[in-house]
Amino acid sequence: MNNFWKSSVCADKLSDVAQTSIDGTSHYSNGILPSLGARSNRGNALGRFIVAPFDPRYRIWEMFLVILVFYTSWVSPFEFGFLDKPIRSLAILDNIVNGFFLIDIILTFFVAYQDPLTYLLVDDRRLIAWKYIRTWFLFDFISTVPSELVDKIIPDSIHAYGLFNMLRLWRLRRVSKLFSRLEKDRNINYFWIRCIKLVCVTLFSVHCAACFYFFLAAHYPDPKKTWIALSFQNFQTANLWLLYVTSIYWSITTLTTVGYGDLHPVNLREMVFDIFFMLFNLGLTAYLIGNMTNLVVHGTSRTRNFRDKIQAASNFAQRNRLPVRLQDQMISHLCLKYRADSEGLQQQEVLESLPKAIKSSVSHYLFYSLLDKVYLFRGVSNDLLFQLVSEMKAEYFPPKEDVILQNEAPTDLYVLVHGTMVVKEVKAGDVCGEIGVLCYRPQLFTVRTKRLCQLLRLNRTALLNLVQANVGDGAIIMNNLLEHLKNQEDPIMQAVLVDVEKMLAQGQMDLPLSLCFAAARDDEPLLQHLLNRGCHPDERDMNGRTALHIAAAKGNESIANILFAHGAEPNIKDSEGSIPLWDALVAKNDYMIKLLKDRGSNLALGEVYRYACHALEQGDLDLLKVIVRHGGDLTLPGSDGSTPLHAAVSNGDIKAVKFLLELGADIDKYDEDGWTPRSLADFQGKEDIKALFESKKKAASLESTVRFPDKGAGPSARIMKYPSTGTIDVPPNTIQMTHVDNHPRRQVDTFQNSLFGFVSAATRGESTDLNGFSSMLGNQAARVILRCPEKSETTKLVMLPKTLQELLETGSKKFGCHCTKVVTLEGAEIDEIDLIRDGDQLSLVCS
């Protein structure tokens, strides 16, 4: 018993015993199928001192109790009919049997039970105890009370000894469960199990009727006027065994309606009993005949059909001389399917019958957390993951069954929910078949279940259809696969990696890939192939970054030149406002910086405030100077009104503060919270910065001045002079750049390169080549808000024209005056139409 009780029962080891293959020890009806999405009913350790109901040792204990039930079913009616008081040897044996059932009562408080709704094991001792107490506990307890104790408490006139013993027939429910389990066991002949059950029912009925009938005779007032007195003058003193055989003889002849030639009812009590007994015999006979007819002709439909399928499969395997292992797989699969149907676990069928929205919600609840941990889908969007979960099909596979065969067509990939599969050890949360599905090549390995497994199956066509809608997710999936292959030490997997990379370079992959994926891998052939297929060079990933951003950060000039050759925008911003030039500056790649500058890249067109904050956080004064050298104005505020000077004061960087003051930073510039650099330094107690601000205020005459070049100098540059830093070249648009570009006029995302993008373009009759794509995007004009403070406070929403002159003419028509200048709300003059973005608010100056 010490080995029986353990701190926790590891169900995986137990399930191995219950799930052995078709060698004669597999009983699928004895286990418990896990619910959909359950990691395993067997894979989780139960609570301390909790016994699993499918533990083989507990099954042996139950079988032992069934043997004792057979003894109880004979002795209880016998003691009721033939004994008035206990016999010493029989009473000792009864109490020993009662002791075993008392042990079972205590044990039941520690046996986990299966929830009828969720099919999960409940191992909470309070729930186990409550369920047992409110169901069978009272009957089980009463049936174990010693008869001697009851006989002393209850008067003799009630005949308590024999009557109380009849309560122990409650234990017969265990026999019913045993026969129900044996009927489903394919290793035992169903016909003989049913016949044995019918024989047991008949013998028990005959035995009980004999005992009851003798009880009537033994307790009749006139013993001579009883049925037994016809054969025995003084039957009270006759041999007990002879009396029992005589009673059985009468019971059988009455049951078969061939008796009453020698033994028949004499008094009224016996006649009444015979009437009810014969009426009972009518029902019992109909039951026996009906069951025998079903066995001979039809059998029970479901079990008979199951056995017919098993027999057909066995005949097919033998006729075609299939290997034993393949025969085992066929039989095991049919057994598992029968078990799932017979136990009402048609879970996938239930899901398929639900509306799509409910089905998706259920699938999301059951499988999303598992699929989120699969390496292949790590980092993909939540939308794609949600759609993948909805397309998953849950399936059960018995032990030692092939899931994937080597060299078969790559139609499905599988995610293991619970169980174990082998080629390599595949455990819960692992995926198999992905190489064949993604690379469309024959499956590399045979994958076989090691124990009962629940799998999620995803069809290749469904996967590709979903990924076609999002090129970025396709690139992530392919990148995860390549990284996984790189980490494998198996030479076969390394060879597969080489083949996959060749297929990528030649554009032979069915999975949609992005330019960012090619740029990140420095794969020039793949990049060139994607561009030739019509991919837009400014295609964005999920973070708004383009292939040019990635090339600039990695310093890959070849990738950048290919992108520029196909019309890539040098000043395109990602979701954080970074342009490729900034990535090159951070990487300190001089050649890439020069290449971008030659292509017209201008740091002023990016989020200069964010660049400055990055440099200040790193404490890199040189990077600040680089920002200024390449056109960044560090005196302009960010979207929240804060300037780089605010950030420098907060960091206490005195050198950066001095540099920013020399550039002309305003120490009294308010941010949106009402702080100025001066008040911020005062609040934080930065005495050295406060002193610097005071000296700056006193030396106002020495502040930086702005000198614009003469007319003869040309428009190529304006010059800003500072007392101690010398002269710095600044592009002409820098001073007038005051509006943060959060809404670029032309945004390109991966939709245009997806299946839906190509289809929609084709429907509109638009070309998917580079020129057609660019022209299509160029027609998406921006909208701006115009106001003329001199004429009216009314604002006008207009479409932004192609030239600044056309914008001035539009304003003149709207406000009825001659407009000469376009300025921002802060008063900065705008002299190029490209500086205006979608949603800008502009003021017109009228003459």
Side-chain angles (χ1 to χ4, degrees), residues 29-30 53 58-83 90-91 93-108 111 113 131-147 150 160-185 188 190 192-215 244 247-248 251-252 255 276-277 279-281 283-288 290-292 300:
S29 61
N30 294 345
Y58 183 72
R59 290 294 194 192
I60 294 173
W61 170 256
E62 285 186 318
M63 184 62 68
F64 173 69
L65 292 181
V66 168
I67 296 175
L68 298 183
V69 170
F70 279 107
Y71 164 79
T72 301
S73 64
W74 178 84
V75 75
S76 295
F78 179 80
E79 292 175 340
F80 171 75
F82 292 91
L83 300 180
L90 199 59
L93 189 57
D94 282 348
N95 289 330
I96 293 175
V97 171
N98 291 338
F100 282 113
F101 281 100
L102 182 61
I103 293 174
D104 183 69
I105 292 176
I106 299 173
L107 180 61
T108 305
V111 178
Y113 68 91
K131 178 180 181 297
Y132 183 45
I133 289 175
R134 62 189 176 89
T135 51
W136 316 126
F137 170 74
L138 182 61
F139 299 97
D140 289 344
F141 179 76
I142 292 176
S143 64
T144 59
V145 176
S147 301
V150 175
Y161 174 71
L163 185 61
F164 185 79
N165 286 349
M166 295 297 294
L167 296 177
R168 294 173 185 164
L169 294 179
W170 161 252
R171 301 168 184 170
L172 286 173
R173 61 187 176 89
R174 298 177 182 271
V175 179
S176 177
K177 290 183 179 180
L178 172 66
F179 278 111
S180 177
R181 190 161 62 244
L182 292 178
E183 287 172 359
K184 300 175 184 177
D185 193 336
I188 301 177
Y190 176 75
W192 292 114
I193 289 296
R194 293 292 295 177
C195 289
I196 292 173
K197 181 178 180 180
L198 296 176
V199 169
C200 290
V201 171
T202 303
L203 292 179
F204 179 72
S205 301
V206 169
H207 172 69
C208 288
C211 295
F212 294 160
Y213 203 49
F214 184 82
F215 177 84
Y244 176 72
S247 300
I248 291 293
S251 181
I252 291 178
L255 177 66
F276 284 103
F277 183 50
L279 289 176
F280 169 77
N281 290 342
L284 180 61
T285 303
Y287 171 76
L288 295 175
N291 274 270
M292 293 303 297
T300 57

All heavy atoms of S251 vs all of S205, minimum pair found to be OG-O, 4.5 Å

- Message: Is any side-chain heavy atom of E79 closer than 4.5 Å to one of C211?
- Response: no

Before giving the answer on side chain to side chain contact (heavy atoms under 4.5 Å, CB included), spell out for K197 and V175 the whole-Å C-alpha distance, their side-chain angles and the decisive distance to 0.1 Å.
CA-CA 10 Å; K197 181 178 180 180; V175 179; over 6 Å; no

Original post:
Any donor-acceptor pair under 3.5 Å linking the side chain of S180 with the backbone of S176?
Top reply: no

Using side-chain heavy atoms (C-beta onward) and a distance below 4.5 Å, is D104 in contact with E62?
no

The reported gap from CZ in F80 to CG in L169 (rounded to nearest 0.5 angstrom) is 10.5 Å

Taken in chain and number order and not counting sequence neighbours, the residues that satisfy side chain to side chain contact (heavy atoms under 4.5 Å, CB included) with L138 are I142

Tightest non-hydrogen contact, residues S73 and H207, listed as O-CD2, 3.8 Å

Does the side chain of F139 reach to within under 4.5 Å of the side chain of S143, using non-hydrogen atoms?
no

Sorted by chain and residue number, the side chain to side chain contact (heavy atoms under 4.5 Å, CB included) partners of L288 (sequence neighbours excluded) come out as L198, T202, L284

Rounded to the nearest 0.5 Å, the CD1 atom of I105 sits from the CZ atom of F101 at a distance of 9.5 Å

Residues 65-74 vs salt bridge (Lys or Arg N to Asp or Glu O under 4.0 Å), sequence neighbours excluded, gives none

Between T108 and F137, is there a side-chain heavy-atom distance shorter than 4.5 Å? no

Residues at least two apart in sequence or cross-chain that pass side chain to side chain contact (heavy atoms under 4.5 Å, CB included) with I193, listed by chain then number, are F179, L182, E183, I188

So the side-chain hydrogen bond (donor to acceptor under 3.5 Å, both in side chains) pairs with at least one residue in residues 63-72 (sequence neighbours excluded) are Y71-D94, T72-R171

Exercise for review: Apply side chain to side chain contact (heavy atoms under 4.5 Å, CB included) to L167 and V145, showing your working.
Suggested key: CA-CA 10 Å; L167 296 177; V145 176; over 6 Å; no

Applying side chain to side chain donor-acceptor pair (under 3.5 Å) to W136 and not counting sequence neighbours gives none

All heavy atoms of C195 vs all of M292, minimum pair found to be SG-CE, 4.2 Å

By ring-ring contact (aromatic ring centres under 6.0 Å, His included), F78 pairs with (sequence neighbours left out) W74, F82, Y244

Taken to the nearest 0.5 Å, the spacing of L65 CG from I60 CD1 works out to 12.0 Å

Those residues at least two apart in sequence (or on a different chain) that pass side chain to side chain donor-acceptor pair (under 3.5 Å) with Y132 are D140

In terms of heavy-atom contacts, R174 and V66 come closest through O-CG2, 4.1 Å

For F100, the ring-ring contact (aromatic ring centres under 6.0 Å, His included) test, sequence neighbours excluded, returns F64

(Q) Would you say that R168 contacts N98 through its side chain, given a criterion of any heavy-atom pair below 4.5 Å between the two side chains? (A) yes

